[in-house]
Amino acid sequence: MLNKTLLEIKNLKTYFRVGKSVVKAVDNISFNLNKGETTAIVGESGSGKSITSLSIMQLLPTNVIDEDHGIINFDGKNLLSLSEKEMRKIRGNKISMIFQEPMTSLNPVYNLSYQISEAIILHQNKNKTQARKLAIEMLDLVGIPEPNKRINSFPHELSGGMRQRAMIAMALCCNPEILIADEPTTALDVTIQAQILELMKSLQKKLNMSILFITHDLGVVSEVADRVMVMYLGHIVEIADADELFSNPKHPYTKALLQVAPTISIGPKKRKNILKGEIPSPINPPSGCVFRTRCPNPTHDCKEGNIEMGLIEVSPGHWVDQCCVNCG
């Protein structure tokens, strides 16, 4: 499937100052997001998933950033070079984001009418009456019952599933080209989670938008993603089409994530290869290959930290970190 590249990220580095130390939260990553495609970013907490999304949106506090280099090409512009005023024209308009927890993302002192209409008034040059009408239409689109009444509700008056739907309505009210969904189903029960995933897939087809889906749940990834990007300690360690990654994972970290994913099996249970240890501190990461401290089959060069990170293409569209391609 040949799709137009909508978002191109090259050599992105996002480092933070913590006292006298530097945290390499995102360390020299590159990837593309194509038109109409869903790319999932997976990995443990601390792997750099959310920082990647916040770097794209330029929502990180500048007073603690030590380094924010690279290229984020969108619509012919490098987002890292834009002023805050220029980013406001893109943020919430052409690129929108659903944050992790809707109860903390929605403002508790404003009703849905105010919160959804705000972006419509700002980006679509509508008056309050027009914006409210469009906000009601969006609530109806995302499946909230009686949208004419719910538009006046405050966040605490809604269930978790309805709050998440309201967040999606807010993110989509300006018909963005890219939707960044940062673990949008984490706090929801299984049935509501399935409804939200179906809703996002149907809206994607209807609006022909691209989705960057951030999650630690590989079950969710199998439902929504066209491509999967696996991150570990600020690095990309594997990228492949979803079917290829699930059927033929190459990196030992990807294999470990797949093995610990919940499955229903009949017959004797196989012992799962649970990854030992914890993700290292980004303040003092291992030298060379960052995965070497947890690698089940490290080579001598891995142990000594003599091999640097870097992706190689092992088959068409399937990229794996060159140090670990033979360690799995």
Check: Roughly how far, to the nearest 0.5 Å, is the CG atom of Asn11 from the OG atom of Ser30?
Finding: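 The CG atom of Asn11 is 4.0 Å from OG of Ser30, to the nearest 0.5 Å.
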Filter on salt bridge (Lys or Arg N to Asp or Glu O under 4.0 Å), then keep only pairs touching [range], sequence neighbours left out; what's left?
range: residues 140-151; result: Glu146-Lys149
range: residues 17-31; result: none
range: residues 235-249; result: none

Next item on the list: For Pro285, check side-chain contact (heavy atoms from CB on, under 4.5 Å) against everything at least two apart and list the hits.
Entry: Leu233
Margin query: Tell me if the CG atom of Asn127 is crowded by more than 12 foreign heavy atoms within 6.0 Å.
Written below: yes
Check: If you draw a 6.0 Å radius around NZ in Lys128, do more than 12 non-hydrogen atoms from other residues or ligands fall strictly inside?
Finding: no
Ring pair (Phe, Tyr, Trp, His ring centres under 6.0 Å) partners of [X], counting only residues at least two apart:
X: Phe213; answer: none
X: Tyr15; answer: none
X: Phe154; answer: none

Checklist line | Pair listing, side chain to side chain donor-acceptor pair (under 3.5 Å) test, anchored in residues 165-178, at least two apart | finding: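 Pairs touching residues 165-178 that pass the test: Arg165-Gln195.
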Check: Which residue pairs pass the side chain to side chain donor-acceptor pair (under 3.5 Å) test with at least one member in residues 83-93, sequence neighbours excluded?
Finding: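 Qualifying pairs: Ser83-Glu86, Glu84-Arg91.
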Notebook entry, point to check: Does Thr38 have any side chain to side chain donor-acceptor pair (under 3.5 Å) partners at least two apart in sequence or in another chain, and if so, which?
Noted result: Gln204
Check: With hydrophobic residues grouped by side-chain heavy-atom distances under 4.5 Å, do Ile71 and Phe74 end up in a single group?
Finding: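 No; Phe74 is not reachable from Ile71 via cluster members.
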Note to self: Among residues at least two apart in sequence or on other chains, which ones pass salt bridge (Lys or Arg N to Asp or Glu O under 4.0 Å) with Glu137?
What the structure shows: none
Item checked: Partner set under salt bridge (Lys or Arg N to Asp or Glu O under 4.0 Å) for Lys94, not counting sequence neighbours -> Asp75
Notebook entry, point to check: According to the interplanar angle, ranging from 0 to 90°, do the rings of Tyr110 and Tyr114 count as parallel (below 30°), tilted (30 to 60°) or perpendicular (above 60°)?
Noted result: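 Geometry flag for Tyr114 against Tyr110: parallel rings.
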